[in-house]
Protein chains: 2
Amino acid sequence: MTTKEPSKRRTDIGQRYPKRVLKSPLQSLGVGPAESAQGTLFQGFHVLPQLPDSAILNVLLPGPFSGKPLSTALPRRPRASGRTTLADVARAASVSPITASRALRGERAVAPDLVERVRQAAQTLGYVPDPAARALASQRSTLVPVLVPLLSNALFVDVLEAVHRGLAPHGYQILIGVTHYDPQEEEKLLTSYLAMRPAGLLLTGFDRTDEARQRLAASGVPCVHLMETTRAPDVYCVGFSQQDAGERMVQHLLDRGHRRIAFAAAQLDPRTLQRAEGYRRCLRAAGCYDAGLELLSSEASSVRLGGELLAQLLDKHPDIDAIFFCNDDLAQGALLAAPRLGIRVPDQVAVAGFNDLAGSAEMLPSLTTVRTPRQAIGEESARMLLALMRGETPARNCMDLGFELTVREST
Amino acid sequence: MTTKEPSKRRTDIGQRYPKRVLKSPLQSLGVGPAESAQGTLFQGFHVLPQLPDSAILNVLLPGPFSGKPLSTALPRRPRASGRTTLADVARAASVSPITASRALRGERAVAPDLVERVRQAAQTLGYVPDPAARALASQRSTLVPVLVPLLSNALFVDVLEAVHRGLAPHGYQILIGVTHYDPQEEEKLLTSYLAMRPAGLLLTGFDRTDEARQRLAASGVPCVHLMETTRAPDVYCVGFSQQDAGERMVQHLLDRGHRRIAFAAAQLDPRTLQRAEGYRRCLRAAGCYDAGLELLSSEASSVRLGGELLAQLLDKHPDIDAIFFCNDDLAQGALLAAPRLGIRVPDQVAVAGFNDLAGSAEMLPSLTTVRTPRQAIGEESARMLLALMRGETPARNCMDLGFELTVREST
DNA sequence: CTGAAAGCGCTTACAG
DNA sequence: CTGAAAGCGCTTACAG
């Protein structure tokens, strides 16, 4: 535990902290304020988490401390946080706080030797800027909220990881918000995040409340939309055409000679429904669309549900020769349930999934699916947002990253 | 887009916002400040994301706005954020900002009618408190960082969801930090989160750098450790005995008559190694421990790897009659790979997993595993942290939530 | 029960 | 290139 005395401050007599008084790190540096140098008695002290041990000198008091302020010049009892502040750093470097601030942020021209001195002092004191103070003064935080529907889909975890890797090196901190596919919940999160003056925003898809849309626009916070594409010119997005991807998979099934192709879906979020549209478009064009072969469940997607959907579909339509599942977990569940149901895949029924999640390649038979570019979506959205936060205008407002049909044994 | 004029403030002439001047929401309420009521000319205005439409009256200016300050009394050009502040609410409710603050926070005794008036005004103005200002003034935010090793393990996602459900109703916001099992990364995250003056902290396990431990202690921020248990009296934790759980599973395999029991693990994080200890302890007690049957890979855990570990183990030790995998994804991979390798489960080799992840019950054969109480861990840790943040001392500093052996077809 | 003053720790906007 | 003043939007600590 490392401690210091608050310079020019009176504080509560340490009830919470051990009754020891430590020499000021500033004194150790030989740059302490006058009153420290003169040995003012300290009434209490606070813990300095950021202080490296090398800057500490322990000075034990002879007996229990009988705190009484020596200085009564203070007009009123101030609060003290005990934290190392910019002022401490500035004093240690013998510059003004503004110069210290500029030196640390690399802003404007500061004399190189001053920059070095400030950097040194900050390092020695273990100074960590207060993000709250910074946000308040600058009206801008370094926070970038990323709103995703859920974390239980590896899809979004992959996107989040990539976004994090893209933004962290530039000093931004991502803030993960989970909407559970609920526009109301998203609106609440947005309100709460907007109050934090975020530097930027990453949102999943375009489906949200009008209220949310308005607040977003009104806030002026740069925002990039994930997973989908749009033709609207005033919106930034990175994704791929969910509809085209759905269509592509169904075309593959048609190419394989299947004609009674079912669509099984859960969750029914906007992107799932877009894939459904692709399914319909493709089958209509081929003249084999049958609305009865769509099985849409609003339940959450899961391996277990996939097996149930398979059973239901084949029970009702024994002539089905292929099933396109809107997500890999459902398809995996179908593959696992098939042997128990006495269904041969792909001979009797071909099974296709979507997203190429973990385990799909290992299934028996291995799962034909659509590989979606979630890592690239994370990277590119971070890059686009970075540009927007710098005030630049990205070359394109909407990036279509495509997808990849991945044919394996199940079709 | 909703706007207002800044009261008592001069601002940049709207370059970013349309050149319209809107009537102040305060005026609409009939509680505007004197200068507004007298029709002071507005130089510019800002966007108010929080303002409900009902509070807005659009007043278009006749022509392009030729901004020139009427009032030159202001000593210097101030900054204006255009946000609805506590002062706005206070003015609308005709109380002082302090009273408004207290009324909104439900702190101390404020006259009920005043509370109502303030609440009303806040509602009408769509006031959202500034968390940065609040944190700065109170030295305490409502943020609760939760540090987990990764998000790609459903285990931690479940814990996070439960923690969120436990803390959100009390006004705390969780902040997800991913350490990637790297103590250095955790230390960095901790430093950055500690600077935000978090209300509390949730950490996974006890394995961290000394530096991190010190900063943690020095910060005085209430902290609960997840997933593991300890006998140390000064530490708060909610979890279960990983070692006992490992031991329990191996005992089950012994009970089934298996004697050549292998242990296959990946990631090798502290909890995995504790399970390994349980495995060893149990087999040593039974007199059938063989160090050669341990296959420890530092790779990340995955379905694919599980199949590889199975193949390796049986290649090297064809006499193995059971394998305990440290995590379900590995065990699932083994079950999926077994048919391709010509291995019959459980007749030839029994397969056991750990955690009861999604899909384990659907495997063929279904997977015997240990169900871990991650939801309860999330709930109870939130409850314990809540108590600590209120300054209370929880009855027990360490909660052991146990685990449940779940026997299915694979053993 | 209510409020005026001061302060939290930074940065902006000026001025030199 | 450097700094004194003011301000960001709240709450604490007093005083009544």
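Here is the naming used below: chain letters follow the sequence lines, and residue numbers restart at 1 for every chain.
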*Asks:* Rounded to the nearest Å, what distance is computed from the CD atom of residue B/E116 to the P atom of nucleotide C/dC1?
*Replies:* 17 Å

*Asks:* Roughly how many Å is it from CG in A/D88 to C1' in C/dC8, rounded to a whole number?
*Replies:* 13 Å

*Asks:* Among D/dT11, C/dT2, C/dT12, which nucleotide sits nearest the side chain of B/V110?
*Replies:* C/dT2

*Asks:* Would you say the side-chain atoms of B/S192 pair up with the backbone N or O of B/K188, donor to acceptor, closer than 3.5 Å?
*Replies:* no

*Asks:* Who are the side chain to side chain donor-acceptor pair (under 3.5 Å) partners of A/R105, not counting sequence neighbours?
*Replies:* A/S101, A/E107

*Asks:* Looking at the side chain of A/V95, which of D/dT12, D/dG3, C/dT2 is the nearest nucleotide?
*Replies:* D/dG3

*Asks:* Would you indicate which nucleotide in D/dA13, C/dC10, D/dC8 comes nearest to any side-chain atom of A/R197?
*Replies:* D/dC8

*Asks:* Side chain of B/R102, heavy atoms from C-beta onward: which of C/dG7, C/dT2, D/dC8 has the nearest atom to it?
*Replies:* C/dT2

*Asks:* Quick check for you: among C/dC10, C/dG3, D/dG3, whose closest atom lies nearest to any side-chain atom of A/T85?
*Replies:* C/dC10

*Asks:* Counting only side-chain heavy atoms from C-beta out, which of D/dA4, D/dC10, C/dT11 sits nearest to A/L86?
*Replies:* C/dT11

*Asks:* Between D/dG7, C/dC8, D/dT2, which nucleotide has the shortest distance from any of its atoms to the side chain of A/A137?
*Replies:* D/dG7

*Asks:* Rounded to the nearest Å, what distance is computed from the CZ atom of residue B/R83 to the C1' atom of nucleotide D/dC10?
*Replies:* 10 Å

*Asks:* If you look only at pairs with a residue in residues 110-119 of chain B, which of them pass as a salt bridge (charged side-chain N to carboxylate O under 4.0 Å, His left out), with sequence neighbours excluded?
*Replies:* none

*Asks:* Once you round it to whole Å, what is the distance between P of C/dA6 and CG of B/L136?
*Replies:* 18 Å

*Asks:* Mapping A/R105 and B/T99 onto DNA chain C by nearest heavy atom, which one lands closer to the 5' end?
*Replies:* B/T99

*Asks:* Can you list the stems that include DNA chain C, where a stem is three or more consecutive Watson-Crick or G-U pairs with distances under 3.5 Å?
*Replies:* C:1-3 with D:14-16, C:5-12 with D:5-12, C:14-16 with D:1-3

*Asks:* With sequence neighbours excluded, what pairs up with B/T99 under the side chain to side chain donor-acceptor pair (under 3.5 Å) test?
*Replies:* B/S96

*Asks:* In whole Å, I'd like the distance from the CD1 atom of A/I98 to the C1' atom of D/dG7.
*Replies:* 13 Å

*Asks:* Got a sec, which residues hit side-chain contact (heavy atoms from CB on, under 4.5 Å) with B/A122, two or more places apart in sequence or on another chain?
*Replies:* B/V89, B/L104, B/Y127

*Asks:* What is the distance from CG of B/D130 to C1' of C/dC10, rounded to the nearest Å?
*Replies:* 13 Å

*Asks:* For C/dG3, does OP1 or OP2 lie under 4.0 Å from any side-chain N or O of B/S96?
*Replies:* yes

*Asks:* Partners of B/A168 by side-chain contact (heavy atoms from CB on, under 4.5 Å), sequence neighbours excluded?
*Replies:* B/H164

*Asks:* What heavy-atom pair brings B/A195 and A/P131 nearest, and what distance separates the two atoms?
*Replies:* O-CD, 3.3 Å

*Asks:* I need the CG-C1' distance between A/L114 and D/dG3, as an integer number of Å.
*Replies:* 12 Å

